[in-house]
Amino acid sequence: LLFAKWVYAFLIAWFAGCYLLVFYPALQVPCFYIFALMGIWVGINYIRDRRKNDPLDNKAYAKWFQDIKIFQKESSSVVVTIASLAVSICLVSICIVLVFIEGWDVVSATLNSAYPGNRISTGGGFGVGLFYQASALLLPIMGSSALPNVCEHASFYSFFPLGSLLALFSILRKRDILSTCLLVLQMFMIVYMVIGVPEWLATLTLFKYSTVGRVMFAVGLVESVLLLRGLVLNRDILSNFYLKKPLVVFVIVLVLGISITLFEVFFDTGFTFSAIGILLSFLGILSVVLGLLCWISAEKNMHKMIVLALTFTVALSGFCINPIHKGIDYIQSNQVIQEFQQVVDTDKDGLWLSCDSLYSQLLVMAGAKTLNSVSVYPNIDLWSTIDRDHQFEDVYNRYAHIDVIVIPGQEKSYFELVQADFFKVYLSANDFDALEVNFIFSDQNLESLSTDEVQFEAIGSTVAGTIYKVNYFK
């Protein structure tokens, strides 16, 4: 038992460090409230349980003296618990301090950026997000209609608002404090998502650093906890009801599965679903619900049924995905990357630009030093060389994906903010020298944009565009 406590302490240190060093406030802020609330609840319950078992509270002093060895053992356990937690906190603190010391310039640049550092979000207008449930199951079979960034559609099987209803039942029936606190927290998050909150309240709660899409993820987490806790606290009633009226429960399950599936199809995000997609979504929902029913009704086979239901759901989520490629042969055999690598091999120190932010990542994979790859933190020094009066600093002072469009040399370079994490650089041909660019990959005809100061020479071609070498005339 004592060894297990030390193991748990190190796991807490590891997970807390991972959470803190992700450095993504949009998710960290809403999740912090969940973790803090549940952590406080665990701590209070631990202290309360210790007091109940404290021999000093027992008036049978004679019995206490007889059990003095047990008391000493219990006291030792408390000391180990406190010591292990203290070591865990110290480890996390040391790691964070070291990271901040070594990477303060990056942290400072991010905090002082226009995005995400100075983002102000007050929420609102995302009520439909509360019902995102099984749409992630459909992504493998949606083809070109799928989101380019599929992780944006991640969600919990929370079955909203079933968990909230069970939480209300738990509060009224058993006065459950944890359900009450989580439900209040969830209501605030829902208000933030659906209606929005005043700027001062978003600032006070730090929710200004989050977004409705990220808060949706936290709401799903809270709803899942409420659902599981509601099932546990009301297991006696639910089990009896299921055993007495299984047909009614099965009809409810069918209605729930069909309702959620139809909502996904008609109200999700405008995707076009196939018949097999609808079927897979429904089966995934049905398997989870039936697994939960087995949990509350069949003690003997509980674990087997839960594992079976979850395995079925996970299998569905990967059922239609294209074959998984082992190794990097698939990447190296890509015709575009091969063209990039041939040029990179001739000049490994050459600096590149790409017209498209997606291809800039392929350039990085090919080993090219790419100026407009994803800007994890702002590169003000780079872009200020063509924006000498800092007129567009608010545009490029951010985490961003970057496209480059070349314009005639007689025009002045400028920047356009497309969305919070994406901007375009309209780069004058005569400003290439300021950036010291050696190569550019573009779908434009850049040879026609050559000037007396710079010449674009086509040296390679792919299905997606042309590779140009940039020659300068001093």
J.: Donor-acceptor check, side chain of Arg398 to backbone of Ala420, threshold 3.5 angstrom: yes or no?
T.: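 Yes, because the side chain of Arg398 sits within donor-acceptor range (under 3.5 Å) of the backbone of Ala420.
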J.: Can any side-chain N or O of Gln28 pair as donor or acceptor with the backbone N or O of Tyr24 at less than 3.5 Å?
T.: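 It does hold such a pair.
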J.: If you look at every heavy atom in Ser413 and Asp431, which pair is closest and at what distance?
T.: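 In this case the closest contact between Ser413 and Asp431 is OG-OD2, 2.6 Å.
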J.: Testing the 3.5 Å rule here: is there a donor-acceptor pair between the side chains of Gln361 and Ser373?
T.: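 Side chains of Gln361 and Ser373: no pair found under 3.5 Å.
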J.: Crowded around Trp14 CH2? As in, over 12 foreign heavy atoms under 6.0 Å?
T.: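 No, because the 6.0 Å sphere around CH2 of Trp14 holds 12 heavy atoms or fewer from other groups.
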J.: Students often mix this up, so state it plainly: with edges at 30° and 60°, are the rings of Phe392 and Tyr414 parallel, tilted or perpendicular?
T.: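 Taking Tyr414 first and then Phe392, their aromatic rings sit tilted (interplane angle of 30° to 60°).
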J.: For the backbone of Glu411 and the side chain of Ser428, can you confirm whether one donor and one acceptor N or O come within less than 3.5 Å of each other?
T.: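 Yes: the side chain of Ser428 pairs with the backbone of Glu411.
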J.: Can you tell me how far CG of Asn430 sits from NZ of Lys412, rounded to the nearest 0.5 angstrom?
T.: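 So the gap between those two atoms works out to 14.0 Å.
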J.: Just verifying a value: how many Å separate Leu221 CG and Met189 CE, rounded to the nearest 0.5 Å?
T.: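 The CG atom of Leu221 sits 8.5 Å away from the CE atom of Met189.
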J.: If the test is side-chain contact (heavy atoms from CB on, under 4.5 Å), which one of Leu165, Leu178, Leu183, Leu231 qualifies with Leu226?
T.: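 Option passing the side-chain contact (heavy atoms from CB on, under 4.5 Å) with Leu226: Leu183.
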J.: Please evaluate residues Asp452 and Phe473 with respect to the criterion side-chain contact (heavy atoms from CB on, under 4.5 Å), reporting the C-alpha separation (whole Å), side-chain torsions for both, the decisive distance (0.1 Å), and the verdict.
T.: CA-CA 7 Å; Asp452 294 337; Phe473 302 103; over 6 Å; no
J.: Can you see which heavy atom on Val197 is nearest to which on Phe188, and at what distance?
T.: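 Val197 and Phe188 have their closest heavy atoms at CG1-CE1, 4.2 Å.
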J.: Can you tell me how far the CD1 atom of Ile96 sits from the CD1 atom of Ile101, to the nearest 0.5 Å?
T.: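 Result: 12.0 Å between the selected atoms.
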J.: So which atom in Ala202 and which in Ser121 form the shortest heavy-atom distance, rounded to 0.1 Å?
T.: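 In terms of heavy atoms, the two residues are closest at CB-O, 3.7 Å.
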J.: Run the numbers on Val343 and Glu339 for side-chain contact (heavy atoms from CB on, under 4.5 Å), then give the verdict.
T.: CA-CA 7 Å; Val343 179; Glu339 289 288 338; 5.8 Å; no
J.: Determine whether Ser384 and Tyr396 satisfy the following criterion, side-chain contact (heavy atoms from CB on, under 4.5 Å), listing intermediate values before the conclusion.
T.: CA-CA 9 Å; Ser384 62; Tyr396 54 80; 4.0 Å; yes
J.: Can you tell me how far the CZ atom of Phe441 sits from the OG1 atom of Thr466, to the nearest 0.5 Å?
T.: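 That separation rounds to 7.5 Å.
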J.: Donor-acceptor pair, Ser450 side chain versus Phe456 backbone, under 3.5 Å?
T.: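 Side chain of Ser450 to backbone of Phe456: a pair is present.
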J.: Between the main-chain N or O of Thr462 and the side-chain N or O of Gln335, is there a donor-acceptor pair closer than 3.5 Å?
T.: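 Pair absent, no side-chain N/O of Gln335 close to backbone of Thr462.
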J.: Is Glu416 close to Val395 at the side-chain level, that is, under 4.5 Å between some pair of heavy atoms?
T.: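 No, their side chains stay 4.5 Å or more apart.
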J.: Give a yes or no on whether Asn445 atom CG has more than 12 heavy-atom contacts from other residues, nucleotides or ligands under 6.0 Å away.
T.: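 Yes, the 6.0 Å shell around CG holds more than 12 heavy atoms from other groups.
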J.: Would the number of heavy atoms belonging to other residues, nucleotides or ligands and lying under 6.0 Å from CD of Glu436 be above 12?
T.: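 Result for CD/Glu436: open.
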J.: Is a side-chain N or O of Asn438 found less than 3.5 angstrom from the main chain of Leu351, in a donor-acceptor match?
T.: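 Present.
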J.: Please answer whether the main-chain N or O of Asn372 pairs with a side-chain N or O of Thr370 as donor and acceptor at a distance below 3.5 Å.
T.: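 Judged by distance alone, no pair lies under 3.5 Å.
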J.: Of Asp381, Ile386, Thr385, which is the lone residue that meets side-chain contact (heavy atoms from CB on, under 4.5 Å) with Trp383?
T.: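 It is Ile386, the one option of Asp381, Ile386, Thr385 that forms the side-chain contact (heavy atoms from CB on, under 4.5 Å) with Trp383.
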J.: Does atom CZ of Phe415 have more than 12 heavy-atom neighbours from other groups under 6.0 Å away?
T.: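 Counting other residues, nucleotides and ligands, CZ of Phe415 exceeds 12 neighbours.
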J.: Could you check Val374 against Tyr399 for side-chain contact (heavy atoms from CB on, under 4.5 Å), going step by step and ending with a plain yes or no?
T.: CA-CA 8 Å; Val374 174; Tyr399 167 96; 3.9 Å; yes
J.: What is the minimum heavy-atom distance between Ser210 and Ala26, and which atoms define it?
T.: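 Heavy atoms of Ser210 and Ala26 come nearest at OG-O, 2.6 Å.
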J.: To the nearest 0.5 Å, what is the distance between CG on Leu353 and SG on Cys355?
T.: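 Between Leu353 CG and Cys355 SG, I get 10.0 Å after rounding to 0.5 Å.
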J.: If you compare all heavy atoms of Leu358 against all heavy atoms of Asp356, which two are closest, and at what distance to 0.1 Å?
T.: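 Smallest heavy-atom distance, with atoms named: N-OD1, 2.7 Å.
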J.: Apply side-chain hydrogen bond (donor to acceptor under 3.5 Å, both in side chains) to Glu223 and Ser164, showing your working.
T.: CA-CA 7 Å; Glu223 185 70 13; Ser164 300; 2.8 Å; yes
J.: Is any side-chain heavy atom of Phe207 less than 4.5 Å from a side-chain heavy atom of Tyr33?
T.: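 Result yes, sub-4.5 Å side-chain heavy-atom pair found.
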J.: Would you give the length of the straight line joining atom CZ of Phe432 to atom OH of Tyr468, rounded to the nearest 0.5 angstrom?
T.: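 It comes to 11.0 Å.
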J.: Do other residues, nucleotides or ligands put more than 12 heavy atoms under 6.0 Å from Phe32 CZ?
T.: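 No, CZ of Phe32 has 12 or fewer neighbouring heavy atoms, counting only those of other groups under 6.0 Å.
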J.: Looking only at non-hydrogen atoms, find the nearest pair between Ile402 and Ser357 and report the distance.
T.: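 Looking at all heavy atoms of both residues, the closest pair is O-CB, 3.3 Å.
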J.: Check this for me: Gln338, atom CD, are more than 12 non-hydrogen atoms of other residues, nucleotides or ligands nearer than 6.0 Å?
T.: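 Atom CD in Gln338 is packed in, count exceeds 12.
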